[in-house]
Amino acid sequence: MRIDIVTIFPEFFDVLDLSLLGKARQSGLIELGVHNLRDHTHDRHHSVDDTPYGGGAGMVMKPEPWGDALDAILGTDPALVDDGPLVIFPSPAGDQFTQRMARELSLEQHLVFGCGRYEGIDQRVVDHYSQRGRVRLVSLGDYVLNGGEVAVMAMIEAIGRLIPGVVGNPESLVEESHEDGLLEYPSYTKPASWRGLDVPPVLRSGNHGAISTWRHQQQIERTERVRPDLLPRTLS
Ligand code: ADE
């Protein structure tokens with residue numbers, strides 16, 4: 001997968017050199033381009049924002065640097081191909097990012113993330129690229145971050161680890177929270193007893209059927225307690 005990111009803080013993404021995603025980049029599973037929006041400004045101060053039309057607090061990101069930066073990645077064809085790059089703007093006003101969305105996005109060939117700051121990006125940037133190709137606004141959750149960078153990091157981590165080959169043991173992806181609509185069961189390792197707390201005996205029984213049943217019950221119990229909204233109506 002190819003991932004391009006446009007941001008005024010390219011250093012934010014230095015951490016993508018680390019860990020599993022760093023390895024995925026080295027092995028060519030993920031190809032990453034991080035682009036500084038300020039490289040696409042043409043004034044002395046490299047301004048990327050201005051006051052909002054209509055008044056109000058804060059600053060809005062200007063459309064011209066965004067147009068130049070995105071055209072440099074996407075090209076200038078008036079219509080991008082149907083299955084061409086998907087442009088994602090992280091925004092608290094977007095569709096909620098979920099494991100299901102991460103899975104869908106992990107099938108894409110080319111993702112382009114545009115990290116807004118301040119009070120957002122001039123709406124015409126979204127409108128223009130929506131006319132030319134596929135654009136989505138995506139929210140990490142119902143809270144406001146200072147900019148899209150942290151949201152993009154989270155999305156890239158969630159998407160990247162679903163690309164075949166990125167996580168060494170694909171089985172470890174199957175039994176995680178949200179993959180089957182439930183939260184994951186609790187996990188334990190050695191020692192069998194720690195500070196007076198014992199590992200549940202069933203996990204040391206060697207009875208795989210009983211272990212599997214226990215884990216599933218734990219998933220349901222935990223989901224009912226913490227996230228009843230995830231349960232189908234018949235279970236809750
Ligand atoms: N930018 C600011 N807040 C955000 C959020 N909650 N999700 C995605 N992008 C954002």
Side-chain angles (χ1 to χ4, degrees), residues 1-16 21 30 32-41 46-70 73-74 85-108 110-130 133-163 176-179 183 226-227 229-230:
M1 177 189 284
R2 166 96 200 163
I3 298 176
D4 285 287
I5 304 168
V6 181
T7 170
I8 57 169
F9 293 122
E11 314 78 32
F12 239 102
F13 297 95
D14 288 352
V15 289
L16 289 173
L21 294 185
I30 296 177
L32 183 74
V34 182
H35 312 269
N36 192 338
L37 184 67
R38 291 197 199 276
D39 292 344
H40 299 274
T41 55
H46 299 288
S47 333
V48 291
D49 61 332
D50 208 333
T51 52
Y53 274 116
M59 301 288 270
V60 176
M61 291 188 112
K62 293 155 64 66
E64 304 97 316
W66 276 105
D68 285 9
L70 291 173
I73 296 167
L74 300 168
L86 174 63
V87 181
I88 297 178
F89 292 102
S91 161
D95 297 327
Q96 168 86 54
F97 186 70
T98 58
Q99 186 67 16
R100 175 195 287 256
M101 193 191 290
R103 209 160 258 299
E104 269 170 43
L105 297 178
S106 73
L107 304 174
E108 293 283 342
H110 188 181
L111 297 176
V112 179
F113 291 97
C115 302
R117 283 257 144 189
Y118 313 110
E119 298 306 309
I121 304 174
D122 187 305
Q123 179 62 35
R124 289 168 293 181
V125 175
V126 172
D127 295 346
H128 172 81
Y129 287 98
S130 302
R134 295 183 300 143
V135 173
R136 288 187 82 163
L137 298 192
V138 180
S139 170
L140 211 56
D142 292 340
Y143 43 81
V144 179
L145 303 166
N146 284 334
E149 283 78 6
V150 167
V152 167
M153 278 298 312
M155 289 187 229
I156 289 177
E157 178 141 331
I159 296 163
R161 63 198 296 285
L162 297 176
I163 296 171
E176 294 178 323
S177 286
H178 301 295
E179 275 302 335
L183 301 183
V226 183
R227 292 292 306 276
D229 56 300
L230 294 177

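Hydrogens, waters and symmetry mates are skipped; everything else that's a heavy atom, side chains included, is used. Along the sequence shown, residues carry numbers from 1. We count ligands from 1, going down the list as the structure has it; atoms in each ligand are counted the same way.
- Taking a 6.0 Å sphere around CG of Asp142, one finds it holds 12 or fewer heavy atoms contributed by other residues, nucleotides or ligands.
- Here the shortest heavy-atom pairing between Met59 and Tyr118 reads O-CB, 3.1 Å.
- Of the listed residues (Asn36, Ile121, Thr41), just one forms a side-chain contact (heavy atoms from CB on, under 4.5 Å) with Val48, and that residue is Thr41.
- With values rounded to the nearest 0.5 angstrom, Leu140 atom CG is found 11.5 Å from Met153 atom CE.
- Residue-level contacts of ligand 1 at the 4.0 Å heavy-atom threshold are Pro90, Ser91, Pro92, Val138, Ser139, Leu140, Gly141, Tyr143, Val144, Leu145, Gly147, Ala151.
- Looking at Ser47, its side chain never comes within 3.5 Å of a backbone N or O of Asp49 through a donor-acceptor pair.
- Residues Arg227 and His178 meet the side-chain proximity criterion, which asks for heavy atoms closer than 4.5 Å.
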